[in-house]
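Quick note on labels: first sequence line is chain A, next is B, and so on, each numbered from 1.
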2 protein chains.
Amino acid sequence: MGVTKTENFTDKQNAIATLAKALGHPARVAIIDYLLQVDACICGDIVNELPLAQPTVSQHLKELKNAGLIKGNIEGNTICYCIDEHALDKLQSYFANISAKLDKKKQNCC
Amino acid sequence: MGVTKTENFTDKQNAIATLAKALGHPARVAIIDYLLQVDACICGDIVNELPLAQPTVSQHLKELKNAGLIKGNIEGNTICYCIDEHALDKLQSYFANISAKLDKKKQNCC
DNA sequence: AATCTTTATCGTAATATTGCAATCTCAATA
DNA sequence: TATTGAGATTGCAATATTACGATAAAGATT
């Protein structure tokens with residue numbers, strides 16, 4: 001059906017899935033990379049950095065914003081996008097936690 | 001079109017996107033959670049843990065396996081799935097790196 | 001005011017994803 | 001060898017995603 005049965009999973013699982021899904025496209029990973037690389041959160045020249053048309057980039061930015069991974073501030077007629085640390089912290093601690101658990105376990109299988 | 005233009009992004013970006021995409025569904029997050037929680041890498045009772053039909057779970061397992069997040073060992077007529085540490089380490093270091101960079105930056109914007 | 005620039009939105013085509021019933025495979029057991 | 005049981009695969013319907021041309025909205029510039 002293409003519909004995810006979110007109601008049957010925990011909030012935390014859904015939250016991680018939403019964030020991960022937002023990063024589940026190379027263009028969106030590239031956008032995050034770029035925002036990290038540029039020191040100030042330079043604006044819509046993201047379009048020039050990516051091999052995609054402007055509407056497509058705009059759509060990807062929207063998805064990153066919806067997922068909470070980036071924020072956008074209007075400045076005149078441009079928009080200043082930047083990383084939302086909160087969301088990335090959530091992902092970081094999720095994976096750090098997993099790594100810690102895996103270290104303890106020391107592969108008793110497979 | 002629904003086709004991702006992977007050829008225009010770096011290998012690293014594609015690799016992260018592939019891993020993230022695999023975790024972009026709560027059922028797959030739940031599977032990882034379960035595999036972590038269970039001490040031995042208990043097999044196909046994953047199906048009983050999830051609110052989804054067996055073919056659907058099988059499909060999600062396949063996607064996790066394709067992405068390299070889990071491994072499966074055949075044992076008689078059951079299969080022992082478990083987490084592939086390598087992939088999760090990649091994700092962990094990716095996000096740790098981002099967090100480190102963000103800490104240095106200390107939000108000079110937005 | 002007319003135009004330019006930047007970004008968002010709409011509409012649409014192509015493809016991918018999600019979910020499941022029905023089946024298939026194959027080892028284990030009777 | 002017939003049956004059972006665990007998983008995978010197939011086939012399909014419903015929906016989501018990706019991409020882009022065309023256009024809209026709105027501040028900046030002339």
Side-chain angles (χ1 to χ4, degrees), chain A residues 1-9 13-14 17-31 34-35 41-67 69-82 110, chain B residues 1-9 13-14 17-31 34-35 41-67 69-82 110:
Chain A
M1 300 161 177
V3 194
T4 297
K5 288 190 157 183
T6 52
E7 67 278 11
N8 293 315
F9 300 97
Q13 286 165 347
N14 282 313
T18 300
L19 291 175
K21 189 175 185 178
L23 284 175
H25 191 291
R28 296 195 288 267
V29 174
I31 289 172
Y34 183 68
L35 287 176
C41 53
I42 300 271
C43 328
D45 42 16
I46 298 171
V47 173
N48 299 320
E49 284 295 313
L50 296 189
L52 294 169
Q54 181 267 323
T56 309
V57 173
S58 185
Q59 199 172 284
H60 283 308
L61 286 167
K62 191 179 172 186
E63 266 165 85
L64 285 170
K65 205 161 84 180
N66 284 342
L69 282 160
I70 63 174
K71 300 180 278 192
N73 269 36
I74 298 171
E75 270 175 25
N77 65 339
T78 62
I79 293 191
C80 173
Y81 278 112
C82 61
C110 299
Chain B
M1 302 161 178
V3 194
T4 296
K5 288 190 159 184
T6 52
E7 68 277 10
N8 294 314
F9 299 98
Q13 286 165 346
N14 281 312
T18 300
L19 292 175
K21 189 175 185 179
L23 284 175
H25 192 291
R28 297 195 288 265
V29 174
I31 290 172
Y34 182 68
L35 287 176
C41 52
I42 301 271
C43 328
D45 41 17
I46 298 171
V47 172
N48 300 319
E49 284 295 314
L50 296 189
L52 294 168
Q54 181 267 323
T56 309
V57 173
S58 186
Q59 196 174 286
H60 283 307
L61 286 168
K62 190 177 171 187
E63 265 165 83
L64 285 170
K65 206 161 83 179
N66 284 342
L69 281 160
I70 63 174
K71 299 180 277 191
N73 269 36
I74 298 172
E75 269 173 26
N77 65 341
T78 61
I79 293 192
C80 173
Y81 277 113
C82 61
C110 297

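- The side-chain heavy atoms of A:Leu23 and B:Leu23, taken from C-beta on, include no pair separated by under 4.5 Å.
- Residue A:Arg28 is the one, among A:Gly76 and A:Arg28, whose nearest nucleotide of DNA chain D lies closer to the 5' end (criterion: closest heavy atom).
- Residue contacts for A:Ile74: at a heavy-atom cut-off of 4.0 Å it reaches no nucleic acid atom on any strand shown.
- In this structure, the CG atom of A:Leu50 is 11 Å from the P atom of D:dC20, given to the nearest Å.
- Within 4.0 Å of B:Thr56, counting heavy atoms only, lies at least one base atom of the nucleic acid.
- Considering all non-hydrogen atoms of both residues, A:Leu52 and A:Ala27 come closest at CD1-CB, 3.6 Å.
- Per the geometry, CD1 belonging to A:Ile31 stands 13 Å off C1' belonging to C:dT7, to the nearest Å.
- For A:His25 and D:dA19, the shortest distance from a side-chain N or O to OP1 or OP2 is below 4.0 Å.
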Would you list the protein and nucleotides 4-7 of chain D atom pairs, both N or O, that sit under 3.5 Å from each other?
from	atom 1	to	atom 2	distance (Å)
D:dG7	OP1	B:Gly44	N	2.9

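- Heavy atoms of A:Lys21 sit under 4.0 angstrom from primed sugar atoms or phosphate atoms, though from no base atom.
- Nucleotide C:dT6 holds its C1' atom 16 Å from the CG atom of A:Asn73, rounded to whole Å.
- Residue A:His60 places at least one side-chain N or O under 4.0 Å from the OP1 or OP2 atom of D:dA19.
- Closest heavy-atom contact between A:Ala17 and B:Pro26: CB-N, 3.4 Å.
- Within the nucleic acid shown, A:Glu63 comes within 4.0 Å of sugar-phosphate atoms alone, with no base atom in reach, counting heavy atoms only.
- Take the nearest nucleotide of DNA chain C for B:Leu52 and for A:Pro55: the residue whose nucleotide is more 5' is A:Pro55.
- Position along DNA chain D of the nearest nucleotide to A:Thr4 versus A:Ala27 favours A:Thr4 as the more 5'-ward residue.
- When the C1' atom of C:dT17 is taken as reference, atom CG of B:Asn66 falls 14 Å away, rounded to whole Å.
- Residues A:Lys65 and A:Gln59 each lie close to DNA chain C; by heavy-atom proximity, the contact nearer the 5' end of the strand is made by A:Lys65.
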Inset, instruction - Kindly determine whether B:Val29 and A:Phe9 satisfy side chain to side chain contact (heavy atoms under 4.5 Å, CB included), including the steps that lead there. - result: CA-CA 9 Å; B:Val29 174; A:Phe9 300 97; over 6 Å; no
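- Contact record, B:Ile46 with B:Ile31: CG2-CG1, 3.9 Å, taken as the closest heavy-atom pair.
- Annotation: side chain to side chain donor-acceptor pair (under 3.5 Å) contacts involving residues 48-66 of chain B, sequence neighbours excluded, comprise B:Arg28-B:His60, B:Arg28-B:Glu63.
- Separation of atoms OG1 (B:Thr6) and CG (B:Asn14) is listed at 5.0 Å; rounding is to 0.5 Å.
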